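See below for the structure under consideration.
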Number of protein chains: 2
Amino acid sequence: MSNKNISITLTTNKKQKPDVNNLVFGKVFTDHMFVMDYSSDKGWHDARITPYQPITIEPSAMIFHYGQTVFEGLKAYFSEDGKVLLFRPEKNMQRLNQSNDRLCIPAIDEELALEALKELINIDREWVPQAEGTSLYVRPFIISTEPTLGVHPANNYKFMIIMSPVGSYYKEGIHPVKIAVENKYVRAVAGGTGQAKTAGNYASSLKAQEVAEEKGYSQVLWLDGVERKYIEEVGSMNIFFKINGEVVTPELNGSILAGITRDSIIHLLKHWNVPVVEKRISIDEIFQAYKDGQLEEVFGTGTAAVISPVGELFWNNERIIVNGGQTGELSMKLYNTLTGIQLGKESDPFGWVVEVEQKVEHK
Amino acid sequence: MSNKNISITLTTNKKQKPDVNNLVFGKVFTDHMFVMDYSSDKGWHDARITPYQPITIEPSAMIFHYGQTVFEGLKAYFSEDGKVLLFRPEKNMQRLNQSNDRLCIPAIDEELALEALKELINIDREWVPQAEGTSLYVRPFIISTEPTLGVHPANNYKFMIIMSPVGSYYKEGIHPVKIAVENKYVRAVAGGTGQAKTAGNYASSLKAQEVAEEKGYSQVLWLDGVERKYIEEVGSMNIFFKINGEVVTPELNGSILAGITRDSIIHLLKHWNVPVVEKRISIDEIFQAYKDGQLEEVFGTGTAAVISPVGELFWNNERIIVNGGQTGELSMKLYNTLTGIQLGKESDPFGWVVEVEQKVEHK
């Protein structure tokens, strides 16, 4: 038992670690996982770390029918001096509770979740890959497990944390992607679940993504569901534009995700005295800025890629090439600085990095 | 094996049937279930009826993270002359495939699904409750099971059919409900998943429903996500208004569900030469019709209640009482006719009813 009453059962059968040079995102999982149950009479209870294993669940479990679920994603990094570092993990737990509120899921104890996360990483510390660009991807999630088909907030839930060693997002160096602006499908609308990190948003996005990939684009840029005009986010990332020296990004309008990387980028830009504005931006403005020769850089931000430069935008049969299809100077600087902070190589002016302290191994 | 190659394993341990007078919706399940798997290399395969049992699934299964899932709901009825009847079940399988298309889930063989359904009901025939108003609720659903965290259409799925005996929706006779018009939350928007029967739509609806219930309303009436003005559907039902002798219902605009009861009501009304129109209707029009003394009846339609009369509508601090808070004549006639057809008591002019033929019990 830890001081937060997390019971621990270690595996007796450690798995072989995968080849660090051939890691595929989210396919291989570590030796342990964290689980905690909720029932309306007991609240959240039975916090435990167990060997990673399948779960047994009724076919009538509400998650399978009404999708009441939320998740988070963050990474643990192995630093040059041998530490294991997390990046603003408390923000993930805060956001998980914000998502919980929208989805009518009972709030978790954020401190307990954070401690569980650290304890779990500490136990599976040898799973944090050390090669450049690699990390341990951490996926906290909550599912509704009540076995009944009535449509109502469930009385039973399971909170789990699973972890997967992941390779470098940029195996051959950072490179710009091609993005298609989506006119037909809509990701979310104000009043919906767009600002929550919940399964339905991702399910709904697959069709547009599939169509875009068939046309040679790696992601779609979502427009607002009302006027089909204002920029929301790209694929599963937030999006930034550098126009005539000023960086602009869509404001948090209730239908886009409040990305933690997005927030970190805004902090960094302000710290550097680079003008940065959160506001409503139409897709016309972007194409006009390009025609005026003022669209200097475009980049997405998210946990997976950190910074993903955009080299090409396609909209209504018009194609624009951003910065000659090359990664911009500011995009590169943001990437280097943020990954530098995450890896403990750069100074951390905002106190974003949290070390997972090494504890004596549990027996 | 049946002629469609559905393998059958019968339970050796039949469960006790619940008290037919105290059935709670979707809590108790029959002795058997249908399961079929999909993998990208084999397609849909291994169709089987097995004892009803929990499933074992990886914590990384995509259903838990990205919500790629669809479902259907229909009922089997026990007729006065001892037959087991289904109502337009082929429409459910068609709609399941329409939902599949939107969610990037591989299509199922509708004929096989229908045969599996009949075979399953035949095996659990004694679970079809016989008391008035009761039925066997049937829930076909598909979940994505691929154990990976990448956001893409899954390579593995499970199609299941589970069944639950359900009580009368109207234990104390058909009675009108109170509905609150929802101004804050939005169920779906054109370009989203509103016309698919998928988990995310239901997850997203819980919050508004919770708020409405706290205020004493049994369901919400959803407005469109763009102008917050046009009527979409109510709770998880479609909605009809009788105004000055004409019945109007929102047209299938891409964001509402194409209800099978809705379609049946439209057919019946046309058959009776009652004017019925599918069109865009604003909430103002309804409140104006009330003020003009022309709002005669309001009712929801769906599989659960068949017809649910609306006695009160609340919007922007205004409350209107429909038909003196009583069930309207047309609502009652539609309810009696449609349930009569479903139970084999009324003539079936459209050939909607399908009998589940009794087969020799499998050994």
Side-chain angles (χ1 to χ4, degrees), chain A residues 24-27 29 33 52-60 63-69 71 73 101-104 137 139 141 143 147-153 160 162 164 184-193 198-207 209-210 225-228 235-236, chain B residues 24-27 29 33 52-60 63-69 71 73 101-104 137 139 141 143 147-153 160 162 164 184-193 198-207 209-210 225-228 235-236:
Chain A
V24 182
F25 181 80
K27 275 205 186 292
F29 295 87
M33 63 187 191
Y52 186 89
Q53 60 193 293
I55 57 179
T56 297
I57 184 166
E58 292 292 324
S60 58
I63 176 65
F64 295 143
H65 306 272
Y66 308 127
Q68 204 193 356
T69 178
F71 73 89
D101 181 62
R102 181 63 184 83
L103 275 296
C104 302
Y137 182 79
R139 168 61 55 92
F141 65 107
I143 55 173
T148 169
L149 298 183
V151 180
H152 59 75
M160 302 181 74
I162 58 175
S164 171
K184 183 175 177 188
Y185 297 104
V186 169
R187 176 186 171 274
V189 70
T193 57
T198 184
N201 297 338
Y202 296 79
S204 133
S205 78
L206 295 172
K207 188 79 176 180
Q209 174 71 20
E210 197 174 65
V226 175
E227 299 187 51
R228 306 289 183 106
S236 47
Chain B
V24 182
F25 181 80
K27 277 208 186 285
F29 294 87
M33 63 186 193
Y52 186 90
Q53 60 193 290
I55 56 178
T56 297
I57 185 167
E58 292 291 324
S60 58
I63 177 64
F64 296 142
H65 306 272
Y66 308 128
Q68 205 193 355
T69 178
F71 73 90
D101 181 62
R102 179 63 183 85
L103 273 297
C104 301
Y137 182 79
R139 169 59 57 90
F141 66 106
I143 55 173
T148 168
L149 298 182
V151 180
H152 59 75
M160 304 181 76
I162 58 176
S164 171
K184 182 175 177 190
Y185 296 105
V186 170
R187 176 186 170 272
V189 69
T193 57
T198 184
N201 297 338
Y202 296 79
S204 130
S205 78
L206 296 173
K207 189 79 178 180
Q209 174 72 20
E210 199 173 64
V226 174
E227 300 186 51
R228 306 287 182 107
S236 47

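Convention: sequence-line order gives letters A, B, ...; per-chain numbering from 1. Computed from a prediction, not measured in an experiment: that's the story for all the values here.
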What residue, out of B:G67, B:G191, B:P153, B:G26, has the most heavy-atom pairs lying under 4.5 Å from chain A? B:G191
Counting heavy-atom pairs closer than 4.5 Å to chain A, which one of B:V189, B:N201, B:T198, B:V24 comes out on top? B:V189
For each of [options], tally heavy-atom pairs with chain B at distances under 4.5 Å, and name the one with the top tally.
| options | value |
| --- | --- |
| A:S204, A:G192, A:G225 | A:S204 |
| A:E210, A:Q68, A:Q209, A:K207 | A:K207 |
| A:A188, A:S236, A:A203, A:G200 | A:A203 |
| A:S205, A:G73, A:A190, A:G235 | A:A190 |

List the steps and the verdict of ring-ring contact (aromatic ring centres under 6.0 Å, His included) for A:H65 and B:Y202. CA-CA 8 Å; A:H65 306 272; B:Y202 296 79; over 10 Å; no
[X] versus chain A, the contacting section by heavy-atom distance below 4.5 Å:
| X | answer |
| --- | --- |
| B:F71 | side chain |
| B:F141 | side chain |
| B:T193 | side chain |
| B:R187 | neither |
| B:I162 | side chain |
| B:F29 | side chain |
| B:D101 | both |
| B:I143 | side chain |
| B:Q53 | backbone |
| B:T69 | side chain |

Please examine the side chains of [Y] and [X], heavy atoms only from C-beta on, and report whether any two atoms are closer than 4.5 Å.
| X | Y | answer |
| --- | --- | --- |
| A:V186 | A:R228 | yes |
| A:L206 | B:Y66 | no |
| B:I57 | A:T56 | no |

Between B:R139 and B:Y137, do the side chains contain a donor N or O and an acceptor N or O under 3.5 Å apart? yes
Part of A:P59 lying under 4.5 Å from any heavy atom of chain B: both
Partner residues of A:K184 under the salt bridge (Lys or Arg N to Asp or Glu O under 4.0 Å) criterion, sequence neighbours left out: none
B:F64 and A:F64 aromatic ring geometry - parallel, tilted or perpendicular at 30°/60° bounds: parallel
